[in-house]
Amino acid sequence: MKRRVTEVLKKHLGEDFVLEKPKDLSFGHYATPIAFSLAKVLRKSPMIIADELAKKFENEEIFEKVEPVRGYLNFKLSDNFLNEYATFVLENPDKFASDNNDEKILLEYVSANPTGPLHIGHARGAVIGDSLCRIGRRLGYKITTEYYINDAGNQIYLLGLSIFLAGRENILKESVSWPDEFYRGDYIVDLAFKAAKEFGEDIFKDEKNIEKLSLFGKDEMMELIKSNLKEVLIEFDSFVSEKSLYEKWDEVFEKLKSNDAVYEKDGKIWLKSTKYGDEKDRVIVREDKRPTYLAGDIIYHNDKFQRGYDRYINIWGADHHGYIARVKAAVKFLGYDENKLEIILSQMVSLLKGGEPFKMSKRAGNFILMSDVVKEIGAEALRFMFLSKKSDTHLEFDVNLLKKEDSSNPIYYIQYAHARINQVFEKSKKSIEDISKVELENLDEDSKNLLFTSFLLPEILEDAFKTRSLQKVTDYLKSLAALLHKFYNEHRVIGSKNEDKYLKVFAVTALSIKIGLDLIGIEAKKRM
RNA sequence: GUCCCGGUAGCUCAGCAGGAUAGAGCAUCUGAUUCCUAAUCAGAAGGCCACAGGUUCGAAUCCUGUCCGGGACGCCA
């Protein structure tokens with residue numbers, strides 16, 4: 001719809017104009033303040049310019065009225081256009097709010113360490129990544145989702161050691177001391193019991209078995225993480241193991257060397273990341289020859305770029321922001337276009353409990369599990385909560401408030417709108433096929449506004465995807481639902497002389513809501 | 001010290017590629033159901049958009065500075 005309008009406007013106004021939506025629909029469906037910017041060049045008052053411009057649109061069928069108001073140029077779409085579009089949408093629901101962008105995108109997100117279950121802080125990036133993917137795919141982008149498993153570092157050894165100690169303490173009943181850096185928490189004890197079952201209790205008697213426990217623990221945790229994700233309807237296309245990448249290290253290292261990206265100092269290998277804007281050079285191989293975490297990421301990104309995508313999106317926690325410069329520098333050293341790599345930071349989620357700050361630590365074992373929150377409020381509420389806030393802003397919420405979110409939950413509000421439409425259809429005993437060809441002539445303003453707002457979905461999705469701001473989708477759905485509820489209260493559908501027309505408008509609204517909800521992973525209920 | 005994010009209604013937040021009267025939800029108060037589900041609607045109240053300058057016909061939005069809050073600045077991952 002917006003595309004059609006833009007085309008027509010370009011014809012008369014040239015390329016350079018701002019198309020916006022008026023605050024109040026009574027002004028019109030679209031508007032442009034172009035007269036203000038032309039006023040200076042033409043040395044005429046904006047009012048006069050707007051008057052003149054409006055005349056150019058007299059013969060455009062798409063508009064019912066083009067009106068100059070205090071310098072603004074307001075456009076009102078014609079019934080005919082709205083009607084034709086409604087018929088098209090109802091007959092081709094799959095084509096509505098879909099597009100054929102063919103960019104190939106690799107989307108990496110979550111990538112939490114396999115050393116414990118997902119906690120509430122991981123949930124934000126997870127939900128954002130998943131919905132971004134769903135929306136992108138609807139718009140035609142070819143998106144592959146990927147989870148990078150950090151299964152190569154010290155933390156995996158620590159996991160094994162923690163299970164080992166938990167086994168000694170809980171199964172062999174020995175007393176052990178737990179230094180700070182170990183993983184605590186019930187899940188470690190569970191793992192110890194599980195390991196005892198799998199390998200026998202004797203495994204905790206010999207420190208040589210720690211490595212075995214590490215691998216066991218890591219695999220168990222990956223399974224747990226996958227099931228945590230599935231609870232919130234998230235599945236990944238692929239998983240990449242950091243460890244498995246290291247066989248390509250020599251090859252990547254040669255590449256870095258030949259691109260003059262590294263040097264040796266103090267027995268260590270450094271990346272010249274300052275050359276591309278990093279604060280300081282970074283060690284990638286330690287004195288004892290063990291590669292650092294950055295080395296793994298360099299191989300990983302080399303691997304990603306070799307796979308030939310048009311764009312690479314990583315969703316990282318905001319605590320990684322200092323890391324962006326060095327990874328981008330590495331990508332550049334590897335000879336790739338670092339502008340294709342886009343990092344979305346999802347800011348910290350701070351939790352309050354009864355008004356008091358609630359500190360989480362995986363190692364201390366006091367963290368709120370994502371799966372616990374899902375049990376408490378459901379996957380949909382969890383998704384909605386994170387999706388309705390910008391990702392790059394700090395988010396604070398109280399765990400106790402979260403639990404009591406019931407009828408004030410905006411999800412119900414939106415679902416109820418969808419359900420109401422469905423019920424009206426059921427009562428009317430008509431189907432979409434029955435009314436999709438009804439002529440929408442002489443529509444009242446209320447139904448026109450509802451129809452128009454329902455048609456906004458495509459441009460909302462496109463905007464939300466391109467600016468990576470998914471809260472625009474939840475906001476839109478809320479406002480569309482509000483309009484529907486208002487309409488419902490003011491107009492009776494069944495039995496009215498406009499019944500069929502209203503049903504047609506409702507059908508479009510329901511379709512918009514349904515598509516919108518699907519894309520954020522929430523069910524559009526037919527009955528509540 | 002450097003860098004990132006933020007400061008908008010009592011609370012949680014939208015709005016920020018400059019544009020018409022600054023919005024929503026929650027909380028508070030008043031009203032609406034003989035009729036398609038009241039999980040709804042209508043209305044009231046609530047704001048020096050942190051502060052100070054600047055750019056502009058026009059600034060919550062852009063620029064500079066200040067203050068306040070959160071986070072990051074490992075050869076941890």
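All values derive from a computational prediction rather than experimental measurement. Chain naming here is simple, since letters A, B, ... match the order of the sequence lines and numbering starts at 1 in each.
Pairing for A14(B) is absent, judged as Watson-Crick or G-U wobble with the two contacts each under 3.5 Å. Pair check for G69(B) finds C5(B); Watson-Crick or G-U wobble, both atom distances under 3.5 Å. A 3.5 Å limit on both hydrogen-bonding distances identifies A52(B) as the Watson-Crick or G-U partner of U64(B). If you check G74(B) for Watson-Crick or wobble pairing at under 3.5 angstrom, you find it has no partner at all. The nucleotide A22(B) finds no pairing partner, because no Watson-Crick or G-U wobble arrangement with both distances shorter than 3.5 Å includes it. Across all strands shown, G58(B) remains unpaired; no Watson-Crick or G-U wobble contact has both distances below 3.5 Å. Judged by Watson-Crick or G-U wobble contacts below 3.5 Å, the nucleotide C35(B) has no partner. Applying the Watson-Crick and G-U wobble criteria (two distances, each under 3.5 Å), A27(B) pairs with nothing in any strand.
G69(B) and C29(B) have their P atoms separated by 35 Å, with the value rounded to a whole Å. Taking atom C1' on both G71(B) and U8(B), the two are 22 Å apart, rounded to the nearest angstrom. Look at the P atom in both A52(B) and U61(B): the space between them is 12 Å, to the nearest Å. Nucleotides C49(B) and G18(B) have their C1' atoms positioned 15 Å apart, rounded to a whole Å. Look at the P atom in both U21(B) and A60(B): the space between them is 12 Å, to the nearest Å. Taking atom C1' on both G15(B) and A20(B), the two are 15 Å apart, rounded to the nearest angstrom. Across C35(B) and A27(B), the matching P atoms stand 27 Å from one another, rounded to whole Å. Distance noted for atom C1' between C26(B) and U34(B): 33 Å (whole Å).
When only modelled atom types and interatomic distance are considered, Asp444(A) and Tyr502(A) share a side-chain donor-acceptor pair under 3.5 Å. In this structure, a donor-acceptor pair under 3.5 Å is present between the side chains of Asp24(A) and Ser26(A). Side-chain N/O atoms of Asp281(A) and Tyr263(A) include a donor and acceptor closer than 3.5 Å. Tyr300(A) and Glu146(A) form a side-chain donor-acceptor contact under 3.5 Å, judged by distance and modelled atom types alone. A donor-acceptor contact closer than 3.5 angstrom links the side chains of Lys304(A) and Asn314(A).
Lys427(A) has no side-chain polar atom (N or O) that falls below the 4.0 Å cut-off from OP1 or OP2 of C35(B). Considering only side-chain N and O atoms, Tyr413(A) lies under 4.0 angstrom from the phosphate OP1 or OP2 of C41(B). Of the side-chain N and O atoms in Arg286(A), none sit less than 4.0 angstrom from OP1 or OP2 of G74(B). Phosphate proximity of C76(B) to Arg282(A): absent, as no side-chain N or O sits under 4.0 Å from OP1 or OP2.
Residue contacts for Ala31(A): at a heavy-atom cut-off of 4.0 Å it reaches a base atom on one of the strands shown. At a threshold of 4.0 angstrom between heavy atoms, the contacts of His485(A) are confined to the sugar-phosphate backbone, with no base atom among them.
In this structure, the NE2 atom of His320(A) is 13 Å from the C1' atom of G74(B), given to the nearest Å. Rounded to whole Å, the distance from CD1 on Ile411(A) to P on G25(B) is 16 Å. Between Gln423(A) atom CD and C35(B) atom P the separation is 16 Å, expressed in whole Å. If you measure from atom CD1 of Ile421(A) to atom P of C36(B), you get 17 Å, rounded to the nearest angstrom. Whole-Å rounding puts the Tyr293(A) OH to A72(B) P distance at 16 Å.
Side chains of Leu456(A) and Lys21(A) form a contact here, defined as non-hydrogen atoms less than 4.5 Å apart. Contact of the Leu382(A) side chain with the Met370(A) side chain is registered, since non-hydrogen atoms from C-beta on lie closer than 4.5 Å.
Heavy atoms of other residues, nucleotides or ligands lying less than 6.0 angstrom from CD of Glu211(A) number 12 at most. Summarising the local packing, NZ of Lys272(A) is surrounded by more than 12 heavy atoms from other residues, nucleotides or ligands at distances under 6.0 Å. Within a 6.0 Å sphere centred on NZ of Lys243(A), other residues, nucleotides and ligands contribute 12 heavy atoms or fewer.
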Using residues 469-476 of chain A as the side-chain source, report each donor-acceptor pair under 3.5 Å to any protein atom, sequence neighbours left out, with the distance given to one decimal.
{"unit_1": "Ser469(A)", "atom_1": "OG", "unit_2": "Thr467(A)", "atom_2": "O", "d": "3.4"}
{"unit_1": "Ser469(A)", "atom_1": "OG", "unit_2": "Thr467(A)", "atom_2": "OG1", "d": "2.4"}
{"unit_1": "Lys472(A)", "atom_1": "NZ", "unit_2": "Asp463(A)", "atom_2": "OD2", "d": "3.1"}
{"unit_1": "Thr474(A)", "atom_1": "OG1", "unit_2": "Gln471(A)", "atom_2": "O", "d": "3.0"}
{"unit_1": "Tyr476(A)", "atom_1": "OH", "unit_2": "Thr453(A)", "atom_2": "O", "d": "2.6"}
{"unit_1": "Tyr476(A)", "atom_1": "OH", "unit_2": "Ser454(A)", "atom_2": "O", "d": "3.1"}
{"unit_1": "Tyr476(A)", "atom_1": "OH", "unit_2": "Leu457(A)", "atom_2": "N", "d": "3.3"}

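Atom CG of residue Leu118(A) and atom CG of residue Asn113(A) lie 11.0 Å apart, to the nearest 0.5 angstrom.
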Protein-nucleotides 57-59 of chain B N/O pairs under 3.5 Å:
{"unit_1": "C57(B)", "atom_1": "OP1", "unit_2": "Lys40(A)", "atom_2": "NZ", "d": "3.3"}

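If you find the closest nucleotide of RNA chain B to Val493(A) and to Thr32(A), the one lying nearer the 5' end belongs to Thr32(A). When each of Asn154(A) and Leu73(A) is assigned the nucleotide of RNA chain B bearing its nearest heavy atom, the one mapping closer to the 5' terminus is Leu73(A).
Residues satisfying the ring-ring contact (aromatic ring centres under 6.0 Å, His included) test with Phe333(A), not counting sequence neighbours, are Tyr276(A). Among residues two or more places apart in sequence or in another chain, the side-chain contact (heavy atoms from CB on, under 4.5 Å) test is passed with Phe239(A) by Tyr147(A), Ile149(A), Met222(A), Lys226(A), Phe236(A).
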Do nucleotides 12-17 of chain B as a string where each nucleotide becomes B, S or -: B if the base has a protein heavy atom under 4.0 Å, S if just the sugar-phosphate does, - if no protein is that close. SSSSB-

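For A77(B), its base never sits under 3.5 Å from the side chain of Asp319(A) at any donor and acceptor pair.
Of the candidates A38(B), G6(B), C3(B), C3(B) carries the atom nearest the Glu279(A) side chain, counting heavy atoms from C-beta on.
Contact check of residues 428-435 of chain A against RNA chain B (heavy atom, cut-off under 4.0 Å) returns no residues at all.
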